[in-house]
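In what follows, a single structure is set out as structure tokens and then discussed.
For ligands, and for the atoms within them, numbers begin at 1 and follow the listed sequence. The analysis underlying the following values was restricted to heavy atoms, covering all of them including side chains, and did not include hydrogens, waters or symmetry mates. Throughout, residue positions are numbered sequentially from 1 according to the sequence presented.
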Amino acid sequence: MTTIRYTMAQAIIAFLKNQYVARDGKEQPFFAGCFGIFGHGNVAGIGQALQQNPDFRYYQTRNEQAMVHTAAAYAKMKNRLQTLVCTTSIGPGASNMITAAAGATINRLPVLLLPGDIFARRNVAPVLQQLESEHSQDISVNDCFKPISRYWDRINRPDQIITALPEAMRVLTSPVDTGTVTLALPQDVQAEAFDYPSGLFEKRVWHVARNRPDQASVARAVEWIRQSKRPLIIAGGGVIYSEATGVLRQFVEQTGIPAGETMAGKGSLRYDHPLCMGAVGATGTLAANRLAKDADVIIGVGTRYSDFTTASKTAFQNPNVRFININVAEFDAYKHNALPLVGDAQATLAELLVALGDYRVDGNYEADAIALHEEWETEVQRIYDIRNQPLVSQGELIGAVNDAGDPEAVMVCAAGSLPGDLHKLWRSRHPKQYHLEYGYSCMGYEIAGGLGIKMADPEREVYVLVGDGSYLMLSADIVTSIQEGYKLTIVLMDNNGYKSIGALSRSLGSQGFGTRYVFPENNHLPDDTAESVKILPVDLAANARSLGAHVISCETYKDFLTALETAKGIEHTTVIYIQNDRYVGVPGYESWWDVAIAEVSEIDSVKTARADYEQSVQKERYFL
Ligand SMILES: Cc1ncc(C[n+]2csc(CCOP(=O)(O)OP(=O)(O)O)c2C)c(N)n1
Ligand SMILES: [Mg+2]
């Protein structure tokens, strides 16, 4: 056996460089490089290995959480066929990744984390930043990654990577198991040399399969669909990851079955397709929610049925509703007591379509769906056309970005009041245009994620839609976008705090308490009942400028349109800053979201809200 003598860290980089994925005959390297921040836990190990491998590009980030968002967004944009590696020091550098690592797993997106770890040798413990434990010397902060990783390992001997790395790759490239993979790397072991078998560094291609469903189950699904009067498709993220949007359109057109879309699935059909009902669920359109209410068969494709999709299990009120779930993951396919079609979305839709033969829904049902689609388009236009004074409304700003922005662009968002509005209002013109991180809805994903999208597809304009709250939480990677020449157009919507949670709080009887960025009065933070408030002297436009962005401050809708045009001609990251109205919202459309309200309270408005809540909860269903 020929061997190569490498440090453990050098061996990891040499291995990662040679990992490829292939799907449908298209092969590509799986890793596009490594993000990181160096500290004593990785500088001389992985850091040194990266230094001697300039063909495996190293990128700096400003914050470890941000780089994991960037890697996840990159992977999402690449339909999970490529990602980035993230390296950190031990201690806070490592644990800073936890939030975004959980987000990647929840969103089923592959990211490979290489946190440094405490000395395996132990004689020098406790090292700087080490969490000590009285009951075990085999504990570090990296154990916190265990519940949020789909694969977790600590490499205490250099030869352990020979079996750990292939496992890491199997999980990362599996559409079923993918998510965060964490390999915790003790700093002494990173630098330790070993004679590795050279086979470990040969090119390996991981074939991403298109698994097919059980034939008997397909036959039963055909029976169920043929018997149904009001079937509805719910298109989830799996449709897009599987590149099944073409066959979905064929399916819809051949059968006449309308489709609603989840947050991750929006864009599965073009917004103007007559059978596209748009967003479904808590943030859904009237069209999709009306159809969901009475549907007798739901065909869920690549969805994990979050509470936003199911409107907290109130969306489907037909007493006889049944579910057929097409999903690559058995776990999701069985949800809601469904008939599971466990398989790849593209392959399964194609097979089901053939098996359905000449089936087509009743003409009246289809006509109703088309009419609902048209009514919905009118409603979107109504909201786009609002010209609120003196501050603009968020809905009209979304309309402006949608209309004046580049139609080939990608729009990214994650938290706040924007996601709900975008889910309803955004007009998706291609399957990758609507990029919402709404599995974890993590404030701070927006700019970091935008960077990952731009890196994944530099030819497209990237519009980052971000609220002032998210911006304040994590915007430092504007610097990285400028350093690396990846232009983002960031639309910063300032409404002095949390419009989303403020509105939620008011709807729950709590008057927006704690959701405004204002000075305290009489040692108390004013809520939305306060007659006058003192706004904080924060200048977010100046902040963005200080990070190197080109900044365009707007006051009016007209300014905003001009800014969008100007931004197109600017080469580097541009921030369009505008204040908008905290109180003008987009309504809900016959839907609900379960947020539990205090059962006992000293506040009358909470008592009233609780009474309504108890009524609404009655609509929640089990599907047995
Ligand atoms: C990391 C994180 N912390 C807290 C929350 C809960 N949360 C959801 S939206 C929101 C406010 C977001 O404020 P902003 O970005 O200004 O958007 P707006 O609500 O004003 O539209 C908060 C605190 C979250 N989603 N993520
Ligand atoms: Mg805000």
Can you confirm whether Y384 is buried at OH, in the sense that more than 12 heavy atoms of other residues, nucleotides or ligands lie under 6.0 Å from that atom? yes

Would you say T105's side chain and T180's backbone share a donor-acceptor pair under 3.5 angstrom? yes

Could you go through ligand 1 and list every pair where one of its N or O atoms sits under 3.5 Å from a protein N or O, giving the atom names and the distance to one decimal?
from	atom 1	to	atom 2	distance (Å)
ligand 1	15 (O)	G469	N	3.3
ligand 1	15 (O)	S470	N	2.9
ligand 1	16 (O)	D468	N	3.3
ligand 1	16 (O)	D468	OD1	2.7
ligand 1	16 (O)	G469	N	2.7
ligand 1	16 (O)	G497	O	3.0
ligand 1	19 (O)	S417	N	3.4
ligand 1	19 (O)	K499	N	3.1
ligand 1	19 (O)	S500	N	2.8
ligand 1	19 (O)	S500	OG	2.6
ligand 1	20 (O)	N495	OD1	2.9
ligand 1	20 (O)	N495	ND2	3.1
ligand 1	20 (O)	G497	O	2.8
ligand 1	20 (O)	K499	N	2.8
ligand 1	21 (O)	S417	N	2.9
ligand 1	21 (O)	S417	OG	2.5
ligand 1	25 (N)	S441	O	2.8
ligand 1	26 (N)	M443	N	3.3

Do any N or O atoms from the side chain of S510 and from the backbone of F513 form a donor-acceptor pair under 3.5 angstrom? no

Is there a side chain to side chain contact (heavy atoms under 4.5 Å, CB included) between D143 and W152? Walk through the geometry before answering. CA-CA 9 Å; D143 288 79; W152 185 99; 4.1 Å; yes

Between D594 and Y613, does any side-chain donor sit less than 3.5 Å from a side-chain acceptor? yes

Residues in side chain to side chain contact (heavy atoms under 4.5 Å, CB included) contact with Y583, at least two apart in sequence or another chain: R506, R516, D528, D581

Around atom CD of E555, are there more than 12 heavy atoms from other residues, nucleotides or ligands closer than 6.0 Å? no

In the protein, N/O/S atoms that are found under 2.8 Å from the Mg ion (ligand 2), waters not counted: D468 OD1, N495 OD1, G497 O

Main-chain N/O of L504 paired to S507 side chain as donor or acceptor, under 3.5 Å: yes

What pairs meet the ring pair (Phe, Tyr, Trp, His ring centres under 6.0 Å) rule with one or both residues in residues 436-457, with sequence neighbours excluded? H69-Y445, F308-Y438, H435-Y445

